[in-house]
Amino acid sequence: MPSHNADIAAVFEEIANLLEIEGANPFRIRAYRNAVQAIGALSTEAYVLLENKEDLTELPGIGRDLAGKIEEIIATGHCALLDRLQTELPPAVTELLKVPGLGPKRVRHLYHDLDVQTVEQLYGAAREGRIRALSGFGEKTELNILQAIEAHTDQKGRFKLAVAAQYAEPLRAFLADVPGVKEAIVAGSYRRMRETVGDLDIVVTAASGSPVMERFTGYEEVAEILAAGSTRASVVLKCGLQVDLRVVADESYGAALHYFTGSKAHNVAVRYIAQKKGLKVNEYGVFRGKNRIAGETEESVYRAAGLSFIPPELRENRGEIDVARTRKLPRLVELCDLRGDLHTHTKATDGHNTLREMALAGKSHGLEYIAVTDHSRGLRVTRGLDPLRLKRQCDEIDALNEELEGITLLKGIEVDILEDGTLDLPDHVLAQLDLVVGAVHSKFELPRARQTERILRAMEHPHFTVLAHPNGRLIPQRPPYDIDMPRIIREAGRRGCFLELNAQPERLDLFDIYCQMAKEEGVLVSINSDAHSTFDFANLRFGIGQARRGWLEKQDVLNTRSLEELRILIARTMQRPNTCGPYKRQTKPQIRSGKNVR
DNA sequence: GCCGTTTTCGGCCCGACTGTTTTCAGTCG
């Protein structure tokens with residue numbers, strides 16, 4: 001089995017870590033880290049590119065040397081450089097880099113002088129007071145290491161976006177209320193709508209002398225103050241979430257917001273471009289010499305660099321800068337573009353509300369139609385529907401549609417895709433429905449080839465409409481199942497069916513890079529709440545965030561269509577007659593134009 | 001180790017805070 005892109009990226013990541021501890025040229029280390037990012041963003045397996053005789057040096061940040069190493073890893077499963085580095089340094093030593101406060105220099109010191117190789121050994125050395133004796137270390141550093149390890153072991157890691165929001169919004173409001181504060185905004189990965197966030201970055205503009213720092217460190221949710229200067233402070237909340245606050249003057253608002261929204265790779269690329277124009281970009285503004293020429297708004301920062309405004313969700317240095325140069329960035333889909341929701345549940349299975357309650361809640365969220373897609377009989381824990389109960393539900397929907405105004409219920413099912421790729425209900429039953437949403441709910445551990453074939457076979461079913469939560473991951477407890485997603489996307493394009501972007505905060509599935517791929521293949525994506533209660537429609541905003549990260553525009557999203565248009569598209573997919581002509585496939589958008597900017 | 005409308009060599013983003021130091025190295029974002 002050839003190495004997958006994730007395996008290659010892991011090798012390069014490990015090489016970068018070990019080189020760093022060895023004290024190698026920092027730019028060489030950065031080259032490996034850039035390669036990790038480049039390979040992670042690839043829409044095709046590198047071994048497939050090689051089979052197709054593609055030139056890997058065309059990839060951003062991949063030159064002759066790294067291309068050779070990729071070939072080596074694919075051919076042999078090994079990388080000689082990594083093997084050599086691991087004879088010089090024990091592999092576990094890179095784990096020490098994860099301890100906050102420890103960087104490569106200190107890790108090297110600890111290994112060479114105290115033979116510390118693992119976090120356990122580090123903890124022991126700190127408790128025995130052996131670290132303070134090293135030059136460059138002291139009592140305080142030793143204590144910080146102890147505390148960091150203790151905090152690390154019971155730390156929950158990254159927070160789901162929706163959970164982070166529960167802490168971020170009240171804290172932002174609290175800071176906005178401090179006298180002298182003009183703007184307060186949560187930046188960082190939260191603003192970029194990443195599916196999980198490691199910490200919160202908050203930018204505040206305030207008049208000098210404002211008590212904002214004092215109020216921040218005194219916030220009642222603060223458990224620990226990590227650092228507190230005059231313009232920047234870091235705390236850990238009781239829930240374990242770290243929050244970094246930055247205070248700047250009004251005229252630096254845009255520059256600071258840009259800086260703290262990131263991503264780091266995006267910022268580096270923007271500063272590099274500015275530098276070529278003789279400019280310097282920092283969190284205070286854009287400068288030519290000592291003159292500030294921009295910085296009061298983010299738009300002004302981009303303008304100074306010769307770029308159009310780049311929405312936060314795109315700022316990952318995945319080609320957005322090249323496109324911003326040409327002023328052809330996509331007009332990203334917005335929450336208000338959604339006209340329907342094609343995946344919801346009711347009390348009939350594992351939902352909490354009635355048909356009527358769900359319909360009214362959907363309407364109150366501005367939706368014009370919602371598909372009722374309760375589970376099928378195979379999913380016994382949810383009391384999934386058999387043909388008889390489904391028929392009864394359909395009758396209820398018909399009756400309700402007669403009565404309701406401003407919202408239409410569609411008759412659907414979330415049918416189980418069985419292990420062999422068949423669907424959990426008979427064809428003649430599925431044929432009666434408005435749409436069929438198919439999903440995998442069992443046998444997550446099938447090998448890649450079988451899992452992929454299972455889904456492809458299901459998609460071939462004439463009544464199959466939408467593939468729900470295609471990767472099956474649950475943040476943080478379940479990784480995605482092992483499938484050939486690029487192939488599934490291509491086949492969905494050929495077959496003419498749709499892919500779901502499930503907006504539940506623990507799913508957010510399709511992932512962003514697959515949204516991009518779906519767009520390239522002309523496959524429409526349906527952003528669905530998978531609501532199990534009336535409250536869950538609010539999750540659609542997280543789905544929109546993920547879709548925007550995947551460069552999706554209104555026309556790339558199935559449920560931005562009117563009900564009439566939707567019915568036409570579904571009719572085509574379900575291979576039923578319709579009188580409104582074929583759906584015209586889009587031309588492929590070119591969203592990855594050439595190399596990324598370094 | 002990568003890259004090139006100034007370049008195939010010599011660049012490669014920028015600043016705050018802490019702790020250990022007596023002016024700065026290390027880490028972080």
Verify the contact: side-chain N or O of [X] to OP1 or OP2 of [N], cut-off strictly under 4.0 Å; return yes or no.
X: A:K69; N: B:dG1; value: yes
X: A:Q242; N: B:dG29; value: yes
X: A:N144; N: B:dG19; value: yes
X: A:T231; N: B:dC17; value: yes
X: A:Q275; N: B:dC14; value: yes
X: A:K264; N: B:dG29; value: no
X: A:R232; N: B:dA16; value: no

Inset, instruction - Write down the atom of A:A255, the atom of A:Y284, and the distance for their closest heavy-atom approach. - result: CB-C, 3.7 Å
Inset, instruction - Provide the closest heavy-atom pair for A:A16 versus A:I29 in the form atom of the first, atom of the second, distance. - result: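 Smallest heavy-atom distance, with atoms named: O-CG2, 3.8 Å.
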Nearest whole angstrom, please: distance from the [atom2] of [N] to the [atom1] of [X].
X: A:N25; N: B:dC3; atom1: CG; atom2: C1'; value: 14 Å
X: A:R106; N: B:dT20; atom1: CZ; atom2: P; value: 8 Å
X: A:R28; N: B:dC3; atom1: CZ; atom2: P; value: 16 Å
X: A:D65; N: B:dG1; atom1: CG; atom2: C1'; value: 6 Å
X: A:K276; N: B:dC14; atom1: NZ; atom2: C1'; value: 16 Å

Hey, does [X] reach any base, or is it just sugar-phosphate, or nothing, if we go heavy atoms under 4.0 Å?
X: A:P26; answer: nothing
X: A:I29; answer: nothing
X: A:S234; answer: nothing
X: A:A35; answer: nothing

Legend entry - Short side-chain to backbone donor-acceptor contact, A:T261 and A:A187, under 3.5 Å: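 No, the answer is negative, given that no donor and acceptor are paired below the 3.5 Å cut-off.
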Inset, instruction - Indicate yes or no for a side-chain donor-acceptor contact from A:R158 to the backbone of A:T196 under 3.5 Å, with no hydrogens or angles considered. - result: yes
Legend entry - Closest-nucleotide 5' rank along DNA chain B - winner of A:K140 and A:P104: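 Closest to the 5' end, via its nearest nucleotide, is A:K140.
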Inset, instruction - Would you kindly compare A:Y259 and A:Y284 by the position of their nearest DNA chain B nucleotide and give the one closer to the 5′ end? - result: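 This one resolves to A:Y284.
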Inset, instruction - Scan side-chain atoms only and decide if A:R33 and A:N17 contain a donor-acceptor pair under the 3.5 Å cut-off. - result: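 A:N17 and A:R33 do have a side-chain donor-acceptor pair below 3.5 Å.
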Legend entry - Nearest to side-chain heavy atoms of A:F27, which nucleotide of B:dC12, B:dT27, B:dC14: B:dC12
Inset, instruction - Could you tell me which nucleotide pairs with B:dA16 by Watson-Crick or G-U wobble geometry, both distances under 3.5 Å, or answer none if nothing does? - result: B:dT27
